[in-house]
Protein chains: 2
Amino acid sequence: MIELELKHAALLREAQSRALPGIDTMRLCFQILALASTIDRACAQRLAPHGLSESKFVLLFLLRSEPNGLPPHELAHRAGVTRATITGLLDGLERDGLVTRNPDSVDRRKLIIALTEAGKVLAGDLFEEHTRWIASLFQDLDAPARQTLSTLLQRAWPEDAA
Amino acid sequence: MIELELKHAALLREAQSRALPGIDTMRLCFQILALASTIDRACAQRLAPHGLSESKFVLLFLLRSEPNGLPPHELAHRAGVTRATITGLLDGLERDGLVTRNPDSVDRRKLIIALTEAGKVLAGDLFEEHTRWIASLFQDLDAPARQTLSTLLQRAWPEDAA
DNA sequence: CCCTTATAGTACGGCGCCATACTAAAATCC
DNA sequence: GGATTTTAGTATGGCGCCGTACTATAAGGG
(Lines give C-alpha, C1' and ligand atoms only; values in the text may rest on other atoms or scores of the structure.)
Protein backbone atom coordinates (compact mmCIF):
# COMPACT_ATOMS: atom_id res chain seq x y z
CA MET A 1 0.00 0.00 0.00
CA ILE A 2 1.56 3.21 -1.19
CA GLU A 3 1.09 6.44 0.69
CA LEU A 4 1.19 9.70 -1.20
CA GLU A 5 4.14 11.86 -0.33
CA LEU A 6 3.37 14.65 2.10
CA LYS A 7 4.06 17.35 -0.46
CA HIS A 8 1.62 15.80 -2.91
CA ALA A 9 -0.98 15.32 -0.24
CA ALA A 10 -0.69 19.00 0.61
CA LEU A 11 -1.07 19.99 -3.02
CA LEU A 12 -4.12 17.78 -3.24
CA ARG A 13 -5.69 19.25 -0.11
CA GLU A 14 -5.22 22.74 -1.42
CA ALA A 15 -6.74 21.90 -4.78
CA GLN A 16 -9.63 20.21 -3.04
CA SER A 17 -10.28 23.12 -0.73
CA ARG A 18 -10.58 25.34 -3.76
CA ALA A 19 -12.87 22.85 -5.48
CA LEU A 20 -10.60 22.77 -8.49
CA PRO A 21 -11.51 20.27 -11.21
CA GLY A 22 -9.49 17.11 -11.85
CA ILE A 23 -8.72 16.15 -8.28
CA ASP A 24 -8.86 12.44 -9.04
CA THR A 25 -6.47 12.72 -11.97
CA MET A 26 -4.07 14.61 -9.71
CA ARG A 27 -4.29 11.86 -7.12
CA LEU A 28 -3.66 9.27 -9.80
CA CYS A 29 -0.59 11.13 -10.95
CA PHE A 30 0.76 11.33 -7.41
CA GLN A 31 0.05 7.66 -6.85
CA ILE A 32 2.18 6.73 -9.82
CA LEU A 33 4.98 9.04 -8.76
CA ALA A 34 4.90 7.64 -5.24
CA LEU A 35 4.98 4.05 -6.47
CA ALA A 36 7.85 4.75 -8.84
CA SER A 37 9.95 6.48 -6.24
CA THR A 38 9.25 3.69 -3.77
CA ILE A 39 10.55 1.22 -6.34
CA ASP A 40 13.59 3.38 -7.04
CA ARG A 41 14.40 3.71 -3.38
CA ALA A 42 14.03 -0.01 -2.79
CA CYS A 43 16.22 -0.71 -5.78
CA ALA A 44 18.93 1.65 -4.59
CA GLN A 45 18.78 0.07 -1.16
CA ARG A 46 19.24 -3.40 -2.59
CA LEU A 47 22.24 -2.38 -4.66
CA ALA A 48 23.97 -0.22 -2.07
CA PRO A 49 25.52 -3.17 -0.16
CA HIS A 50 27.36 -4.05 -3.37
CA GLY A 51 28.69 -0.52 -3.71
CA LEU A 52 26.56 0.09 -6.78
CA SER A 53 23.98 2.64 -7.79
CA GLU A 54 21.18 1.71 -10.14
CA SER A 55 23.06 3.39 -12.99
CA LYS A 56 26.25 1.51 -12.29
CA PHE A 57 24.36 -1.74 -12.18
CA VAL A 58 22.90 -0.98 -15.59
CA LEU A 59 26.38 -0.40 -16.98
CA LEU A 60 27.59 -3.72 -15.61
CA PHE A 61 24.55 -5.40 -17.07
CA LEU A 62 25.03 -3.78 -20.47
CA LEU A 63 28.66 -4.86 -20.55
CA ARG A 64 27.86 -8.35 -19.34
CA SER A 65 26.57 -9.46 -22.72
CA GLU A 66 29.31 -7.74 -24.70
CA PRO A 67 32.52 -9.77 -24.50
CA ASN A 68 34.24 -7.21 -26.74
CA GLY A 69 33.20 -4.31 -24.58
CA LEU A 70 31.48 -1.08 -25.58
CA PRO A 71 32.66 2.51 -26.01
CA PRO A 72 31.38 5.12 -23.51
CA HIS A 73 29.10 6.91 -25.95
CA GLU A 74 27.32 3.65 -26.68
CA LEU A 75 26.90 3.01 -22.97
CA ALA A 76 25.52 6.51 -22.59
CA HIS A 77 22.95 5.87 -25.30
CA ARG A 78 21.86 2.51 -23.98
CA ALA A 79 21.74 3.64 -20.38
CA GLY A 80 19.87 6.81 -21.21
CA VAL A 81 22.32 9.31 -19.75
CA THR A 82 24.80 11.75 -21.30
CA ARG A 83 28.38 10.95 -22.13
CA ALA A 84 29.47 13.30 -19.37
CA THR A 85 27.57 11.23 -16.84
CA ILE A 86 29.13 8.03 -18.12
CA THR A 87 32.59 9.45 -17.49
CA GLY A 88 31.81 9.84 -13.81
CA LEU A 89 30.19 6.43 -13.48
CA LEU A 90 33.15 4.76 -15.20
CA ASP A 91 35.53 6.59 -12.90
CA GLY A 92 33.82 4.91 -9.98
CA LEU A 93 33.57 1.48 -11.58
CA GLU A 94 37.19 1.62 -12.67
CA ARG A 95 38.31 2.73 -9.21
CA ASP A 96 36.44 -0.25 -7.76
CA GLY A 97 38.12 -2.60 -10.22
CA LEU A 98 34.95 -3.62 -12.03
CA VAL A 99 35.71 -2.29 -15.51
CA THR A 100 38.74 -1.32 -17.57
CA ARG A 101 39.20 1.43 -20.12
CA ASN A 102 41.16 0.19 -23.12
CA PRO A 103 42.16 2.07 -26.25
CA ASP A 104 40.40 1.16 -29.48
CA SER A 105 42.87 -0.18 -32.00
CA VAL A 106 41.30 1.44 -35.05
CA ASP A 107 39.67 4.66 -33.81
CA ARG A 108 41.98 6.47 -31.49
CA ARG A 109 39.21 8.70 -30.18
CA LYS A 110 37.40 5.74 -28.74
CA LEU A 111 37.79 3.71 -25.60
CA ILE A 112 36.62 0.18 -25.12
CA ILE A 113 35.06 -0.44 -21.76
CA ALA A 114 35.09 -4.03 -20.61
CA LEU A 115 34.30 -5.89 -17.42
CA THR A 116 37.14 -7.18 -15.29
CA GLU A 117 36.87 -10.63 -13.81
CA ALA A 118 35.46 -9.13 -10.63
CA GLY A 119 33.02 -7.15 -12.75
CA LYS A 120 31.84 -10.25 -14.56
CA VAL A 121 31.26 -12.11 -11.33
CA LEU A 122 29.35 -9.26 -9.74
CA ALA A 123 27.29 -8.60 -12.87
CA GLY A 124 26.41 -12.27 -13.16
CA ASP A 125 25.36 -12.59 -9.53
CA LEU A 126 23.36 -9.39 -9.50
CA PHE A 127 21.53 -9.98 -12.74
CA GLU A 128 19.90 -13.11 -11.38
CA GLU A 129 19.10 -11.58 -8.03
CA HIS A 130 17.89 -8.30 -9.40
CA THR A 131 15.72 -9.82 -12.06
CA ARG A 132 14.09 -12.11 -9.56
CA TRP A 133 13.39 -9.14 -7.31
CA ILE A 134 11.82 -7.05 -10.05
CA ALA A 135 9.74 -9.98 -11.19
CA SER A 136 8.56 -10.44 -7.62
CA LEU A 137 7.05 -6.97 -7.51
CA PHE A 138 3.32 -6.83 -8.15
CA GLN A 139 3.04 -10.50 -7.35
CA ASP A 140 -0.14 -9.62 -5.51
CA LEU A 141 -1.74 -8.94 -8.87
CA ASP A 142 -2.94 -11.84 -10.93
CA ALA A 143 -2.30 -12.00 -14.65
CA PRO A 144 -5.55 -10.37 -15.78
CA ALA A 145 -5.07 -7.52 -13.32
CA ARG A 146 -1.52 -6.98 -14.56
CA GLN A 147 -2.81 -6.96 -18.12
CA THR A 148 -5.46 -4.39 -17.27
CA LEU A 149 -2.98 -2.23 -15.42
CA SER A 150 -0.53 -2.37 -18.27
CA THR A 151 -3.18 -1.43 -20.82
CA LEU A 152 -4.37 1.48 -18.73
CA LEU A 153 -0.83 2.77 -18.33
CA GLN A 154 -0.38 2.57 -22.09
CA ARG A 155 -3.45 4.70 -22.60
CA ALA A 156 -2.64 7.06 -19.78
CA TRP A 157 -0.22 9.49 -21.31
CA PRO A 158 -1.59 12.25 -23.53
CA GLU A 159 0.52 12.93 -26.60
CA ASP A 160 0.84 16.66 -26.05
CA ALA A 161 1.62 16.72 -22.37
CA ALA A 162 5.38 17.06 -22.69
CA MET B 1 2.16 6.32 -25.33
CA ILE B 2 5.14 5.60 -23.13
CA GLU B 3 8.16 3.75 -24.43
CA LEU B 4 10.26 1.72 -22.07
CA GLU B 5 13.71 3.13 -21.50
CA LEU B 6 16.44 1.42 -23.49
CA LYS B 7 18.12 0.07 -20.41
CA HIS B 8 14.92 -1.54 -19.22
CA ALA B 9 14.16 -2.92 -22.64
CA ALA B 10 17.60 -4.52 -22.65
CA LEU B 11 17.04 -6.04 -19.23
CA LEU B 12 13.74 -7.38 -20.42
CA ARG B 13 15.21 -8.90 -23.57
CA GLU B 14 17.87 -10.64 -21.57
CA ALA B 15 15.37 -12.04 -19.09
CA GLN B 16 13.20 -13.17 -21.95
CA SER B 17 16.02 -14.87 -23.80
CA ARG B 18 16.70 -16.86 -20.67
CA ALA B 19 13.04 -17.71 -20.28
CA LEU B 20 13.05 -16.35 -16.76
CA PRO B 21 9.68 -16.24 -15.01
CA GLY B 22 7.83 -12.99 -14.35
CA ILE B 23 8.57 -11.19 -17.58
CA ASP B 24 5.24 -9.42 -17.59
CA THR B 25 5.62 -8.14 -14.04
CA MET B 26 9.03 -6.80 -14.99
CA ARG B 27 7.53 -5.02 -17.98
CA LEU B 28 4.83 -3.58 -15.77
CA CYS B 29 7.42 -2.29 -13.35
CA PHE B 30 9.38 -0.63 -16.15
CA GLN B 31 6.22 0.87 -17.58
CA ILE B 32 5.49 2.58 -14.30
CA LEU B 33 9.04 3.81 -13.94
CA ALA B 34 9.01 5.16 -17.49
CA LEU B 35 5.72 6.92 -16.97
CA ALA B 36 6.85 8.48 -13.72
CA SER B 37 10.11 9.72 -15.11
CA THR B 38 8.31 11.14 -18.14
CA ILE B 39 6.05 13.06 -15.79
CA ASP B 40 9.02 14.25 -13.73
CA ARG B 41 10.88 15.42 -16.81
CA ALA B 42 7.84 17.23 -18.16
CA CYS B 43 7.31 18.87 -14.79
CA ALA B 44 10.92 20.02 -14.59
CA GLN B 45 10.68 21.38 -18.10
CA ARG B 46 7.59 23.39 -17.26
CA LEU B 47 9.15 24.91 -14.16
CA ALA B 48 12.59 25.63 -15.62
CA PRO B 49 11.52 28.84 -17.42
CA HIS B 50 10.61 30.24 -14.00
CA GLY B 51 14.01 29.37 -12.62
CA LEU B 52 12.52 26.72 -10.35
CA SER B 53 13.06 23.05 -9.79
CA GLU B 54 10.21 20.83 -8.69
CA SER B 55 11.53 20.93 -5.13
CA LYS B 56 11.72 24.69 -5.07
CA PHE B 57 8.21 24.92 -6.40
CA VAL B 58 7.04 22.70 -3.57
CA LEU B 59 8.69 24.99 -1.04
CA LEU B 60 6.99 28.04 -2.52
CA PHE B 61 3.71 26.19 -2.46
CA LEU B 62 4.15 25.08 1.13
CA LEU B 63 4.93 28.62 2.20
CA ARG B 64 2.08 30.09 0.19
CA SER B 65 -0.54 29.01 2.68
CA GLU B 66 1.51 29.97 5.72
CA PRO B 67 1.42 33.74 6.23
CA ASN B 68 3.59 33.36 9.32
CA GLY B 69 6.19 31.30 7.51
CA LEU B 70 7.71 27.98 8.49
CA PRO B 71 11.06 26.91 9.93
CA PRO B 72 13.41 24.91 7.69
CA HIS B 73 13.02 21.61 9.53
CA GLU B 74 9.26 21.81 9.01
CA LEU B 75 9.76 22.48 5.31
CA ALA B 76 12.11 19.51 5.17
CA HIS B 77 9.50 17.27 6.72
CA ARG B 78 6.64 18.44 4.53
CA ALA B 79 8.71 18.38 1.34
CA GLY B 80 10.15 14.97 2.10
CA VAL B 81 13.83 15.90 2.01
CA THR B 82 16.48 16.29 4.68
CA ARG B 83 17.25 19.53 6.48
CA ALA B 84 20.59 19.66 4.69
CA THR B 85 18.83 19.68 1.35
CA ILE B 86 16.52 22.47 2.47
CA THR B 87 19.51 24.64 3.28
CA GLY B 88 20.66 24.45 -0.32
CA LEU B 89 17.22 25.04 -1.78
CA LEU B 90 16.68 28.04 0.48
CA ASP B 91 20.05 29.42 -0.55
CA GLY B 92 18.83 29.48 -4.12
CA LEU B 93 15.38 30.84 -3.35
CA GLU B 94 16.83 33.53 -1.12
CA ARG B 95 19.38 34.49 -3.77
CA ASP B 96 16.55 34.84 -6.27
CA GLY B 97 14.62 37.02 -3.88
CA LEU B 98 11.70 34.65 -3.42
CA VAL B 99 12.01 33.93 0.30
CA THR B 100 13.54 35.52 3.38
CA ARG B 101 15.18 33.92 6.39
CA ASN B 102 14.10 35.67 9.58
CA PRO B 103 15.08 34.90 13.17
CA ASP B 104 12.45 33.38 15.42
CA SER B 105 11.66 35.69 18.27
CA VAL B 106 11.23 32.99 20.91
CA ASP B 107 13.52 30.11 19.83
CA ARG B 108 16.86 31.45 18.78
CA ARG B 109 17.83 28.20 17.08
CA LYS B 110 15.04 28.56 14.60
CA LEU B 111 14.58 30.55 11.46
CA ILE B 112 11.30 31.59 9.96
CA ILE B 113 11.17 31.26 6.21
CA ALA B 114 8.60 33.43 4.50
CA LEU B 115 7.78 34.39 0.94
CA THR B 116 8.74 37.81 -0.34
CA GLU B 117 6.25 39.72 -2.42
CA ALA B 118 7.87 38.32 -5.55
CA GLY B 119 7.66 34.85 -4.03
CA LYS B 120 3.96 35.25 -3.29
CA VAL B 121 3.23 36.38 -6.82
CA LEU B 122 5.18 33.56 -8.39
CA ALA B 123 3.73 30.94 -6.05
CA GLY B 124 0.21 32.14 -6.74
CA ASP B 125 0.64 32.12 -10.49
CA LEU B 126 2.34 28.75 -10.60
CA PHE B 127 -0.07 26.98 -8.31
CA GLU B 128 -2.97 27.60 -10.66
CA GLU B 129 -1.00 26.72 -13.75
CA HIS B 130 0.70 23.70 -12.28
CA THR B 131 -2.45 22.26 -10.80
CA ARG B 132 -4.28 22.62 -14.07
CA TRP B 133 -1.44 20.85 -15.83
CA ILE B 134 -1.35 17.92 -13.43
CA ALA B 135 -5.10 17.61 -13.58
CA SER B 136 -4.87 17.54 -17.37
CA LEU B 137 -2.68 14.43 -17.33
CA PHE B 138 -4.54 11.19 -17.92
CA GLN B 139 -7.41 13.09 -19.42
CA ASP B 140 -7.57 10.36 -22.03
CA LEU B 141 -8.87 8.06 -19.34
CA ASP B 142 -12.50 8.29 -18.35
CA ALA B 143 -13.56 8.22 -14.73
CA PRO B 144 -14.12 4.46 -14.45
CA ALA B 145 -10.75 3.75 -16.06
CA ARG B 146 -9.05 6.14 -13.64
CA GLN B 147 -10.80 4.44 -10.78
CA THR B 148 -9.67 1.02 -11.97
CA LEU B 149 -6.11 2.23 -12.46
CA SER B 150 -6.02 3.77 -9.02
CA THR B 151 -7.34 0.63 -7.38
CA LEU B 152 -4.84 -1.56 -9.17
CA LEU B 153 -1.99 0.72 -8.12
CA GLN B 154 -3.17 0.50 -4.54
CA ARG B 155 -3.04 -3.27 -4.70
CA ALA B 156 0.22 -3.37 -6.57
CA TRP B 157 2.80 -2.97 -3.90
CA PRO B 158 3.68 -5.98 -1.78
CA GLU B 159 4.25 -5.15 1.86
CA ASP B 160 7.61 -6.84 2.13
CA ALA B 161 9.26 -5.60 -1.04
CA ALA B 162 11.17 -2.75 0.55
C1' DC C 1 45.21 17.77 -49.99
C1' DC C 2 43.43 21.13 -47.02
C1' DC C 3 39.49 22.85 -44.68
C1' DT C 4 35.36 22.13 -42.48
C1' DT C 5 32.37 19.41 -39.88
C1' DA C 6 31.19 15.71 -36.93
C1' DT C 7 32.34 12.57 -33.28
C1' DA C 8 34.63 10.79 -28.83
C1' DG C 9 35.92 11.44 -24.35
C1' DT C 10 36.55 14.52 -20.64
C1' DA C 11 36.88 18.83 -17.52
C1' DC C 12 34.25 22.07 -15.26
C1' DG C 13 30.54 24.13 -12.95
C1' DG C 14 25.95 23.77 -11.24
C1' DC C 15 21.87 21.47 -9.06
C1' DG C 16 19.55 18.28 -6.00
C1' DC C 17 20.05 14.83 -2.89
C1' DC C 18 22.11 12.42 1.12
C1' DA C 19 25.02 11.12 5.39
C1' DT C 20 27.85 12.91 8.62
C1' DA C 21 29.58 16.08 11.72
C1' DC C 22 29.64 20.50 13.85
C1' DT C 23 27.80 24.71 16.69
C1' DA C 24 24.28 27.02 19.09
C1' DA C 25 20.41 26.84 21.72
C1' DA C 26 16.65 24.65 24.12
C1' DA C 27 14.75 21.04 26.98
C1' DT C 28 15.29 17.57 30.36
C1' DC C 29 16.93 15.33 34.31
C1' DC C 30 18.96 14.52 38.38
C1' DG D 1 21.04 24.85 38.77
C1' DG D 2 24.45 22.39 36.41
C1' DA D 3 25.13 18.39 33.31
C1' DT D 4 23.15 15.76 29.68
C1' DT D 5 20.33 15.05 25.78
C1' DT D 6 17.72 16.73 22.02
C1' DT D 7 16.78 19.91 18.38
C1' DA D 8 17.88 23.52 14.67
C1' DG D 9 20.48 25.01 11.04
C1' DT D 10 24.52 24.59 8.38
C1' DA D 11 29.16 23.09 6.40
C1' DT D 12 31.40 19.54 4.09
C1' DG D 13 31.99 15.98 1.00
C1' DG D 14 30.14 12.62 -1.98
C1' DC D 15 27.12 10.87 -5.88
C1' DG D 16 24.39 11.26 -10.07
C1' DC D 17 22.83 14.08 -13.43
C1' DC D 18 23.09 17.85 -16.83
C1' DG D 19 24.76 21.66 -20.13
C1' DT D 20 28.65 23.58 -21.93
C1' DA D 21 33.12 23.87 -23.61
C1' DC D 22 37.50 21.91 -24.70
C1' DT D 23 40.98 18.61 -27.11
C1' DA D 24 41.91 14.98 -30.12
C1' DT D 25 40.70 12.40 -33.88
C1' DA D 26 38.05 11.00 -37.92
C1' DA D 27 35.28 11.85 -41.97
C1' DG D 28 33.63 14.53 -45.75
C1' DG D 29 33.71 18.29 -49.41
C1' DG D 30 35.82 21.17 -52.55
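Lettering follows sequence order; numbering is per chain, from 1.
- Between A:I86 atom CD1 and C:dA11 atom P the separation is 15 Å, expressed in whole Å.
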Output side-chain donor-acceptor pairs under 3.5 Å for residues 51-62 of chain B, partner residues at least two apart or in another chain, one line each.
unit_1: B:S53; atom_1: OG; unit_2: B:K56; atom_2: N; d: 3.2

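- The separation between A:L89 atom CG and C:dA11 atom C1' is 16 Å, rounded to whole Å.
- OP1 or OP2 of C:dA11 has not a single side-chain nitrogen or oxygen of A:T87 nearer than 4.0 Å.
- The closest side-chain heavy-atom distance from A:L28 to B:L137 is not below 4.5 Å.
- As a whole-Å value, the separation of A:I112 CD1 from C:dG9 C1' is 13 Å.
- Dashed line: the shortest gap from a side-chain N or O of B:K110 to OP1 or OP2 of C:dA26 is not under 4.0 Å.
- Using a 4.0 Å heavy-atom cutoff across all strands shown, B:S53 reaches sugar-phosphate atoms only and no base atom.
- Side-chain atoms of B:R101 never come within 3.5 Å of backbone atoms of B:I113 as a donor-acceptor pair (strictly under, hydrogens ignored).
- One atom, CG of B:D40, and another, C1' of C:dC15, lie 15 Å apart when rounded to the nearest Å.
- Rounded to whole Å, the distance from CG on A:D104 to P on C:dG9 is 9 Å.
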Return the polar atom pairs (N/O with N/O) between nucleotides 5-7 of chain C and the protein under 3.5 Å, or none.
unit_1: C:dT7; atom_1: O2; unit_2: A:R109; atom_2: NH1; d: 2.8

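- Under a 3.5 Å cut-off, the side chain of A:S150 and the backbone N or O of A:Q147 do not form any donor-acceptor pair.
- B:T85 and B:T82 form a side-chain donor-acceptor contact under 3.5 Å, judged by distance and modelled atom types alone.
- Looking at heavy-atom distances under 4.0 Å, A:S55 makes contact with sugar-phosphate atoms alone, never a base.
- Between the A:R83 side chain and the A:H73 main chain, no donor and acceptor come within less than 3.5 Å of each other.
- Between the side chain of A:T25 and the backbone N or O of B:F138, no donor-acceptor pair lies under 3.5 Å.
- OP1 or OP2 of C:dC18 sits under 4.0 Å from a side-chain N or O of B:T82.
- For B:D96 (side chain) and B:L98 (main-chain N/O), no donor-acceptor pair under 3.5 Å exists by modelled atom type.
- Counting any heavy atom pair closer than 4.0 Å across all strands shown, A:R41 reaches no nucleic acid atom.
- Taking a 6.0 Å sphere around NE2 of A:H77, one finds it holds 12 or fewer heavy atoms contributed by other residues, nucleotides or ligands.
- Boundaries of the chain A contact region on DNA chain D are D:dC15 to D:dA26, first to last in 5' to 3' order (nucleotide atom under 4.0 Å from a heavy atom).
- Between B:R108 and A:L90, the residue anchored closer to the 5' end of DNA chain C is A:L90, taking for each the nucleotide with the nearest heavy atom.
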